[in-house]
Amino acid sequence: MRRQGRHFAMDDYAMNDLFNSFMTGPDEKGRFGQFGGRFVSETLMPLILELEKQYEHAKTDQSFWDEMDYLWKHYVGRPSPLYFAERLTERLGGAKIYLKRDELNHTGAHKINNVLGQIILARRMGKTRIIAETGAGQHGVATATVCAKFGLKCVVYMGAHDVKRQAPNVFRMRLLGAEVVPVTSGRGTLKDAMNDALRDWVTNVRDTFYCIGTVAGPHPYPAMVRDFQSIIGKEAKEQIMEAEGRLPDTIIAAIGGGSNAMGLFYPFLDDKAVNIIGVEAGGKGVNEKMEHCASLTGGRPGVLHGNRTYLLQDDDGQILEGFSISAGLDYPGIGPEHAWLHDIGRAQYVAITDREALDAFQLCCETEGIIPALEPSHALAHVAKIAPELPKDHIIVMNMCGRGDKDIFTVAKALGFDMSDTEGRTID
Amino acid sequence: MTRIDAKFAALKAENRKAFVAYVMAGDPDEAKSLEIVKALPGAGVDIIELGLPFTDPMADGPTIQLAGQRALDQHMTLDKTLGIARAFREEDETTPIVLMGYYNPIYSRGVDKFLVQAKEAGIDGLIIVDLPPEEDEELCIPAQKAGLNFIRLATPTTDDERLPKVLQNTSGFVYYVSITGITGAAEASGADVAPEVARIKSQTDLPIIVGFGVKTPEKAEEIAAIADGTVVGSAIVNKIAEGQSVEDIAAYVKTLADGAHRA
């Protein structure tokens, strides 16, 4: 029997209920239910087995976590605040909204939480050259930053299309000493950047460490990146207990590959009263034309970039390009643990369109004085949808996973503002 | 005994090395691609590797990436790829065809359904780049049960500890990847490859074919001499990309085949 569809997944659900935990994955094959795995070429297989071994060792090594804690605190600025968004709450008139302020991290997003972990691991493994893929450029900037701090060589692969639309981040990476390679293979987007990073890794196996930016790729990456990002959920849990004396009713985060979401969700998976919602990029709307990046809402299971997960693909198993105003969500796949949480029903996944995200972007600027990145604007748009209908004692925690400085040009264009016009006129 | 096993038995009896040629199905278009495939045995090709186009060929260099893109732009599909094999089989009952590609188009079709269709089309073996032994239950074992060879890649990073695992469910032949890298990139070195082939030979009786980084008749001869044969892909695909005629492509392939057969 080929394992597609819900039937198989329900067995998983029953099994998990038996052991009463959603936090035991992945299994020894790197699977979350049917998702995940190690679908890589033989050249890379020994490398990811070695990485798994080294990570398993580091995970239980107190000195590893001591170093992480020190840098999280003094270099990144953790813990990030959990902030009660009072005016936003009032404006929406329902549930009480808290924002987990990961946009206040050094480099402006949650990405650095994970990069620090992987680079410290790379140093322990004696690797001297770091490669990364990037979409919006946030993971690339975080990787370039940590490489600069440790004096490591850094090469970032970025789709040629994204190089254009995220020019400020390209300059940042170069300032930080990274080599940015514009990827023109395929269609020149994030998935092609990941292909080229894998091609680099397969060529430079001895000295190179591949620092993946999201909870995808071959095992152990999805689990490892989740573990590093889980600092978000761990802090949020303590902070909400302090602020409200109880757990939230709903937690919400945006999803491209899904690392900020997995980081927030993971520590809450076994708190079964907590409602978990992931927000995918709906682009121009989840339709037949695939002008979106909602892998769970509009895709089906397949194998790409080392793991089995939900993918945007055609009837012949060819991968499709996603579409989103947000370069950070513009990926045709999703982390395998999300695919599993979706199938077993532990988390709910919804899609938000570009238009809705832009409205939420403006709402956040107006009511809270926070310019959010377009990625968490998707999460906020869903908050804005559901909060008004919820009772005032319903607590929502949303991950504000990145700040919007990088997006102002995109937003100006989408809203029709001419940035060269100091009168602030709009373009017709 | 598959066509691949029969071919190696015949080559052994003649004391000849195998020359394997790779072309992408549907490159530059479906019709010409079939003509090229049909011309290969006459050019001295012992085994045909037929590329299954995929949007995200992570182990391939620019040459084969572009070949896949050309094929996909011409709306090449899995069905049409199998159609090329089927049409070839009508005229050639003995030359083995190995389908080489990535897992997703097969997974998308459904493994059981694919295996029936591939077998029926006259495919003899599979090389699926992103299925290491750790994922054998996905396709390798079902393929063997269906009577198709599953040919595994061994690489310079496959150490002694891991080699038995790589060889365990391999059949037909072992494909040794001569370099760490992507197809069509660095040039293979006979001096590096020879001890590796010996190392693998010590653990298996299967023929060992060496590929990646073989671009000239001389290199084909050098590499074939230290193994049971060699594969050329990107160098041939480049000629197809240049728009050469089927006759010119076949003549070029013959120079490579002759090189390998001199070994």
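None of the values given here were measured: they were computed from a predicted structure. Just so we're on the same page: letters track the sequence lines, and every chain starts at 1.
- Only the side chain of B:Leu72 comes within less than 4.5 Å of a heavy atom in chain A; its backbone stays farther off.
- Of all heavy-atom pairs spanning A:Phe39 and B:Pro132, the tightest one is CA-CD, 4.3 Å.
- Within the 3.5 Å criterion, the main-chain N or O of B:Asp60 finds a donor-acceptor partner in the side chain of A:Arg199.
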Side chain to side chain donor-acceptor pair (under 3.5 Å) evaluation trace for B:Thr158 with A:Glu42: CA-CA 7 Å; B:Thr158 311; A:Glu42 174 59 22; 2.9 Å; yes
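- Residue contact with chain A, scored on non-hydrogen atoms closer than 4.5 Å, involves the backbone and the side chain of B:Pro57 alike.
- Residues B:Ser108 and A:Arg300 meet the side-chain proximity criterion, which asks for heavy atoms closer than 4.5 Å.
- When heavy atoms are compared at a cutoff of 4.5 Å, A:Ile319 approaches chain B by way of both its backbone and its side chain.
- Taking CG of B:Asp130 as the reference point, atom NE2 of A:His305 lies at 10.5 Å (rounded to 0.5 Å).
- Residue B:Gly181 comes nearest to A:Thr203 through the heavy atom pair CA-OG1, 3.5 Å, listed as atom of the first residue, atom of the second, then distance.
- Summarising the geometry, atom OG belonging to A:Ser41 is positioned 8.0 Å from atom CG belonging to B:Leu153; distances are rounded to the nearest 0.5 Å.
- With rounding to the nearest 0.5 angstrom, the OG1 atom of B:Thr55 is 7.5 Å from the CG atom of A:Asp314.
- In this structure, A:Arg31 does not pair ionically with B:Glu134, as no charged nitrogen and carboxylate oxygen lie closer than 4.0 Å.
- Nearest heavy atoms, B:Arg162 versus A:Met45: NH2-CG, 2.9 Å.
- Residues A:Val202 and B:Ile182 are in side-chain contact: their nearest non-hydrogen atoms beyond the backbone lie under 4.5 Å apart.
- Residues B:Pro105 and A:Asp316 form no side-chain contact, since every pair of their non-hydrogen atoms from C-beta on lies 4.5 Å or further apart.
- Considering only heavy-atom pairs separated by less than 4.5 Å from chain B, the leading option among A:Leu198, A:Asn204, A:Asp196, A:Val205 is A:Val205.
- Panel note: side chain A:Gln318, backbone B:Asn104; no donor-acceptor pair is recorded below 3.5 Å.
- Atom CG of A:Asp315 sits about 11.0 Å away from atom OG1 of B:Thr77, to the nearest 0.5 Å.
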Would B:Met58 and A:Met194 count as a side chain to side chain contact (heavy atoms under 4.5 Å, CB included) if you check the C-alpha gap in whole Å, the side-chain angles of each, and the deciding distance to 0.1 Å? CA-CA 9 Å; B:Met58 289 165 295; A:Met194 199 154 178; over 6 Å; no
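- With a 4.5 angstrom heavy-atom cutoff, A:Asp200 does not touch chain B via any of its atoms.
- With hydrogens and angles left out, the side-chain atoms of A:Arg206 and B:Thr180 include no donor and acceptor closer than 3.5 Å.
- Note on A:Leu47, A:Leu311, A:Val303: by heavy-atom pairs under 4.5 Å with chain B, the leading option is A:Val303.
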